[in-house]
Amino acid sequence: MSAQPALPFPRRTNLKSKPSQCDRILAFLDGHRGDWVPLPWILALGIAQYNARIFSLRKAGYIIENRTEEIDGVTHSFYRLLPAARKGE
C-alpha cells in the first residue's frame, strides 16, 4: 500500500462535517421538487458558483431543468428538480 501524497494545503481536522454546496442545492431543490425555483432563492443560499454546482449534480445524474422568462424587459432564471431525480429511475 503506497502512502497518500501530501496535500498542497494543511488538513483541517477540527471542523465539524457540514453538507457540501452540491448537497445544499440538491436538498433545497428536493424540498421544492417539481416546482420552478427562482434563481434569487438559490442565490440566497450563499453558494459560490451555483451554476458549477448544478452542472456537477447533472453530471451525477440528477435531472435539473432550467428556463428563463422575460418580465418587464428583465430576464429571470428558474430551476427545478424533476420527480425522477436521477436518470433511469
Side-chain angles (χ1 to χ4, degrees):
M1 179 179 230
S2 62
Q4 188 175 16
L7 297 173
F9 50 86
R11 184 178 298 249
R12 295 166 47 173
T13 57
N14 61 342
L15 298 177
K16 292 182 180 179
S17 179
K18 64 179 185 177
S20 71
Q21 291 182 347
C22 284
D23 292 336
R24 291 172 52 209
I25 287 179
L26 183 60
F28 187 75
L29 291 174
D30 192 41
H32 296 80
R33 188 178 294 244
D35 295 331
W36 288 104
V37 176
L39 178 57
W41 294 10
I42 295 171
L43 295 176
L45 297 173
I47 292 173
Q49 298 180 343
Y50 75 91
N51 209 19
R53 308 300 156 244
I54 290 174
F55 177 82
S56 295
L57 290 168
R58 287 175 173 155
K59 191 173 177 183
Y62 291 96
I63 304 170
I64 300 172
E65 292 184 330
N66 65 290
R67 71 176 172 90
T68 58
E69 185 177 318
E70 190 170 318
I71 302 171
D72 296 326
V74 178
T75 301
H76 297 267
S77 297
F78 301 85
Y79 292 86
R80 73 175 174 182
L81 179 66
L82 292 185
R86 286 182 176 247
K87 292 177 185 170
E89 285 186 4

Enquirer: Under 3.5 Å, sequence neighbours excluded: what are the donor-acceptor pairs made by side chains of residues 73-81?
Expert:
unit_1 : atom_1 : unit_2 : atom_2 : d
Arg80  : NE     : Glu65  : OE1    : 2.8
Arg80  : NH2    : Glu65  : OE1    : 2.8

Enquirer: The criterion is ring-ring contact (aromatic ring centres under 6.0 Å, His included); which residues satisfy it with Phe28, sequence neighbours excluded?
Expert: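 For Phe28 the ring-ring contact (aromatic ring centres under 6.0 Å, His included) partners, ignoring immediate neighbours, are His32.
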Enquirer: Looking only at heavy atoms, which two atoms of Leu82 and Arg33 are closest? And how far apart?
Expert: O-NH1, 3.5 Å
Enquirer: Apply side chain to side chain donor-acceptor pair (under 3.5 Å) to Ser56 and list each qualifying residue two or more places apart in sequence or on a separate chain.
Expert: none
Enquirer: What is the distance from atom CG of Leu57 to atom CD1 of Ile64, rounded to the nearest 0.5 Å?
Expert: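 If I round to the nearest 0.5 Å, the distance is 4.5 Å.
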Enquirer: Residues two or more places apart in sequence or in another chain: which of them pass side chain to side chain donor-acceptor pair (under 3.5 Å) with Arg24?
Expert: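 Residues passing side chain to side chain donor-acceptor pair (under 3.5 Å) with Arg24: none at all.
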Enquirer: Can you give each donor-acceptor pair under 3.5 Å made by side-chain atoms of residues 34-51, sequence neighbours left out, with the distance rounded to 0.1 Å?
Expert:
none

Enquirer: Nearest 0.5 Å, please: how far is CD1 in Ile63 from CG in Leu29?
Expert: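 One gets 13.0 Å once the value is rounded to the nearest 0.5 Å.
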Enquirer: If only atom types and distance count, is the side chain of Asp23 paired as donor or acceptor with the main-chain N or O of Ser20 below 3.5 Å?
Expert: yes
